[in-house]
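Just so we're on the same page: letters track the sequence lines, and every chain starts at 1.
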There are 4 protein chains.
Amino acid sequence: MAKVRQKTERRERVLECALKIFAEKGFQDATISEISKAAQVSDATVYEYFKTKEELLFSIPEQITESSIRESEKVLPFLRGAEQKLRALVQSYVTTYERNPEYTALIMLHLKTSRNFLQTKAYEVVQVAARMMLACIREGIETRTFRKDTDPYLVRAMILGTIEHLFTRKHLMGNPPELMSQVDPLVDLILDGIRAKGLPAGTPSPPCCWMMTAPAAEEKKKS
Amino acid sequence: MAKVRQKTERRERVLECALKIFAEKGFQDATISEISKAAQVSDATVYEYFKTKEELLFSIPEQITESSIRESEKVLPFLRGAEQKLRALVQSYVTTYERNPEYTALIMLHLKTSRNFLQTKAYEVVQVAARMMLACIREGIETRTFRKDTDPYLVRAMILGTIEHLFTRKHLMGNPPELMSQVDPLVDLILDGIRAKGLPAGTPSPPCCWMMTAPAAEEKKKS
Amino acid sequence: MAKVRQKTERRERVLECALKIFAEKGFQDATISEISKAAQVSDATVYEYFKTKEELLFSIPEQITESSIRESEKVLPFLRGAEQKLRALVQSYVTTYERNPEYTALIMLHLKTSRNFLQTKAYEVVQVAARMMLACIREGIETRTFRKDTDPYLVRAMILGTIEHLFTRKHLMGNPPELMSQVDPLVDLILDGIRAKGLPAGTPSPPCCWMMTAPAAEEKKKS
Amino acid sequence: MAKVRQKTERRERVLECALKIFAEKGFQDATISEISKAAQVSDATVYEYFKTKEELLFSIPEQITESSIRESEKVLPFLRGAEQKLRALVQSYVTTYERNPEYTALIMLHLKTSRNFLQTKAYEVVQVAARMMLACIREGIETRTFRKDTDPYLVRAMILGTIEHLFTRKHLMGNPPELMSQVDPLVDLILDGIRAKGLPAGTPSPPCCWMMTAPAAEEKKKS
DNA sequence: AATGAATGAGGGTTCATTCAT
DNA sequence: TATGAATGAACCCTCATTCAT
């Protein structure tokens, strides 16, 4: 039925506009009127789709995060070795964020802040991704690729923290302009720090570009 | 005169309460009434001291950040070598944050978010600290302590990002419970990654405790 | 045709649910959605049957009141004497109210309040009943059963007011639990007060139970 | 201080206007804006005085009811005999209501309806008045003035119900125009119905006018 | 200097009602 | 005929900010 299609389209338009506006002004400074006007629907219509303003906010990450995770899960099994996997995961993060700058700003600046967000479905998905990375690091330790005394939590915190820091900087100050080129230096530096000493230090795992084909949010909808 | 003294005391009481409440509920969800009540002054009095709510917010970091910086500047010249200095700086950050958890929460969750904060006097101080770290890394490169191809911006981003990530986690989820013990592993890992290969890898710079005496916000007031 | 039948059924289901919900929450606090959901139809369907929310409200009393009146009109001619008739009328009121508690609550708490209700078809029916009682009292005066100086309006106000008061109390506070047993004491007390003094005071008209067979709203629908 | 005086005046102006408007349009159809405009204050000021719209509503009856009760309590001890007391009480009710028609409308049409009102301080005062009447009737029974089989609850319900019915009618339909003249007929009729038969029926207790001096709400404020 | 009091401006949310399908 | 969907129009309430005392 055409109605259903239209409703879905409107709902997504609302989500898109909400993303843009929340990302730009923050949750509190954005108004429903503003969003509804941008989405060319009435205030009341927004409330047809989302019970409250906060539910609207928390509904934004759902699709995008989930699709991004699914992608990683598909690719990971084909990669050999903890180093390759770790690099792939980092690249996946950065790719997703680079392709969805507004979404990234929302996450970095506004959602991470919110205690309520931690109890969200969307946050669970984030946790899944974080756990994948943890598993990857642990695998490296078990297979003796990484040093025995590596603290996997610290390593993960370093990777995630660095990515977060860089994207936040980029969003607020426009610098650095792109982050893809930072993936390999970052991963190399970390690997150098945690690689078991017995291994030939001069064998860096090759930079990989397979993630280039990972789907961005916009492309997803068409399929 | 006693009056002046009293006014200063009141002003500081307002700042303290504002810090507590802003840190707990965020800028938007905190109200002036709430803060003024906690500080046992009237709403109007708050506006005697600070022109707007935002000015109150931005007035909070001033003293604390500045005092922390001054401390570092005093100690740094006595330390030999980039590695020692870097370690000292990281420890300084962590110490300051650990001693002022509410202030840290405010910075991590709410101020970093705000574009207006970037044009603040308080933010300039933050930048000074960040530049000190950058200078320190560059010194390491120039003195061949660190690899020539080290990207100082990336290294700094890693350090700051990791610290931010860990404190944010701690504040929101209570885990990890303390961060002082993470300083050395973090610095070691970074150093391992950027140390020039010619050097004997087995010579970690000694963990240092000199920063233990750095002033916390609370002690500051008494002096 | 089955369709017509179905439509009538739906309409009545809406009326029933509206009665229940209006009685429970009041006109303003009840929503059309709520009613339509309870009646298992859509909001729009309610508006097919009733032009506005208020029209829905005012449509509720129609059948029930009318049927109750008709009953009284049938029985009254068979009764001899103003006293008997008065008693019968009172019993009729109480019976109707006891059998339709939700309807009663609606009338007592919400409809009596509304000025618009006074211009309703349904209210006319109420007036008819009230006028029957008035006529009855007047008949008693004319036939010298009641004192010459009896104010028929006052007497009616006493009877109706007492009934209203008792039912309101019952609805709001659950006390007294039933009102049928109050009919005779009430009527006796009134009659004692208005009976012409010449008559033997010790000849109370006999309590009557014929009204027991008066139809309740539920039974009406089946016929 | 002048400020305090002014605030009190404003508060009372708000209460008065709220009374008028609530009485006229009902709780739900009245808006805060309307009331604040009538009272020449801002919406926000209304909320300075009363936390919610409902609290405003429930604050209206307080003074007026209480002052009315106090009056009755003063006078009652000077009256001899249950009949006189009962008559006095009825007169007190009617006087209060006649002098405060808007307040009466509010009570009759809107407050009696509300379940929340039953848990109000103001309602407790109403209960006190009702209990005084009950006590009075019981006293009459114990002193053999009234018949042994008199149901005091029924008698009270008759009195209160009649008064309520008459005032409601008056408010909605403008008829009867005044109720003071109904007091004696009402009381006489009731008394005739409950007076113990042994007594000389021809000795009605004298109508009394002492209540004429009872204070109305308006006069109260000046004292 | 300190504050009690007042308010303008605005935002989230609800719901009766309409209309195209 | 029945309804899913959309919305205009309000309203309650909050709060940063001002000002007279």
Side-chain angles (χ1 to χ4, degrees), chain A residues 1-8 10-11 14 28-36 40-56, chain B residues 1 3-4 6-7 10-11 27-36 40-56, chain C residues 3-4 6-7 10-11 27-36 40-56, chain D residues 1-8 10-11 28-36 40-56:
Chain A
M1 206 173 169
K3 276 239 182 128
V4 171
R5 182 104 205 112
Q6 222 210 4
K7 183 173 178 183
T8 309
R10 279 164 166 259
R11 209 190 107 106
V14 171
Q28 306 264 14
D29 290 337
T31 70
I32 293 288
S33 298
E34 207 177 352
I35 293 168
S36 69
Q40 288 166 305
V41 300
S42 72
D43 283 32
T45 299
V46 174
Y47 281 91
E48 281 284 305
Y49 301 144
F50 309 95
K51 260 205 285 288
T52 66
K53 192 185 178 190
E54 203 180 40
E55 189 181 308
L56 170 58
Chain B
M1 204 174 167
K3 277 228 178 145
V4 172
Q6 220 209 8
K7 179 172 175 182
R10 283 167 161 255
R11 209 190 107 104
F27 177 68
Q28 306 265 12
D29 290 338
T31 68
I32 294 288
S33 301
E34 206 178 354
I35 293 167
S36 68
Q40 287 166 305
V41 300
S42 72
D43 285 30
T45 300
V46 174
Y47 281 88
E48 286 287 314
Y49 302 143
F50 309 95
K51 254 208 287 291
T52 67
K53 192 187 178 189
E54 203 178 41
E55 189 180 309
L56 169 59
Chain C
K3 278 226 177 148
V4 172
Q6 221 210 4
K7 177 172 177 182
R10 280 165 165 256
R11 211 190 106 104
F27 178 68
Q28 306 266 11
D29 291 337
T31 68
I32 293 286
S33 302
E34 205 177 353
I35 294 168
S36 68
Q40 288 165 303
V41 299
S42 73
D43 284 29
T45 300
V46 174
Y47 281 88
E48 286 288 314
Y49 301 142
F50 309 95
K51 253 208 288 291
T52 67
K53 191 187 178 189
E54 204 179 41
E55 189 181 308
L56 169 59
Chain D
M1 206 172 171
K3 275 237 182 132
V4 172
R5 182 104 205 111
Q6 221 209 6
K7 182 173 178 182
T8 310
R10 280 164 167 259
R11 210 191 108 105
Q28 306 264 13
D29 290 337
T31 69
I32 293 287
S33 297
E34 206 177 352
I35 293 168
S36 68
Q40 287 165 305
V41 299
S42 73
D43 284 31
T45 300
V46 174
Y47 282 92
E48 281 284 303
Y49 300 145
F50 309 95
K51 259 203 286 287
T52 66
K53 193 187 177 190
E54 203 180 40
E55 189 181 309
L56 170 58

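- For F:dT21, the paired nucleotide is E:dA2, the pair qualifying as Watson-Crick or G-U wobble because both relevant distances are below 3.5 Å.
- When both pairing distances are held under 3.5 Å, E:dT13 makes a Watson-Crick or G-U pair with F:dA10.
- Shown here, E:dT7 forms a base pair with F:dA16; the pair counts as Watson-Crick or G-U wobble because both key distances fall under 3.5 Å.
- Whole-Å rounding puts the B:Y47 OH to E:dA6 P distance at 18 Å.
- Comparing A:K51 and B:A44 by the nucleotide of DNA chain E that holds the closest heavy atom to each, the one mapping nearer the 5' end is B:A44.
- Considering only side-chain atoms of A:T31, the nucleotide from E:dT13, F:dT18, E:dG12 that sits closest is E:dG12.
- Here the P atom of nucleotide F:dC11 and the CG atom of D:L56 are 16 Å apart, to the nearest Å.
- Out of E:dT3, E:dT18, E:dT7, the shortest distance to the side chain of B:E48 is found at E:dT3.
- Screening A:L56, A:D43, A:V41 for a side chain to side chain contact (heavy atoms under 4.5 Å, CB included) involving A:I35 leaves a single residue, A:L56.
- Between A:E55 atom CD and E:dG12 atom C1' the separation is 14 Å, expressed in whole Å.
- In terms of position on DNA chain F, the residue among B:K53 and A:T45 whose nearest nucleotide sits closer to the 5' end is A:T45.
- For the pair B:D43 CG and E:dA1 P, the computed distance is 18 Å after rounding to whole Å.
- For the pair A:E54 and D:K7, both in contact range of DNA chain E, the more 5′-proximal nearest nucleotide belongs to D:K7.
- Taking only side-chain nitrogens and oxygens, D:Y49 comes nearer than 4.0 Å to OP1 or OP2 of E:dA6.
- To the nearest 0.5 angstrom, D:Q40 atom CD is 12.0 Å from D:T45 atom OG1.
- Straight-line distance from the CD atom of A:E34 to the P atom of E:dG12: 9 Å, rounded to whole Å.
- With E:dA16, F:dA6, F:dT7 as the candidates, the nucleotide lying closest to the side chain of A:S42 is F:dT7.
- Note: CD (A:Q28) to C1' (F:dC15) measures 13 Å, nearest angstrom.
- Comparing B:S33 and D:D29, the nucleotide of DNA chain F nearest to each residue sits closer to the 5' end for D:D29.
- Atom-to-atom distance recorded for D:E55:CD and D:Y49:OH is 14.0 Å, nearest 0.5 angstrom.
- Taking all atoms of both residues into account, the shortest heavy-atom contact from A:Y47 to A:T52 is CE2-CA, 4.1 Å.
- When all heavy atoms of C:D29 and D:Q28 are compared, the closest pair comes out as OD1-NE2, 2.9 Å.
- Among the heavy atoms of the strands, none lies under 4.0 Å from C:F50.
- Minimum atom distance to the side chain of A:R10 is reached by F:dT7, of the listed E:dT3, E:dT13, F:dT7.
- Summarising the geometry, the separation between CD1 on C:I32 and P on E:dT14 is reported as 17 Å, rounded to the nearest angstrom.
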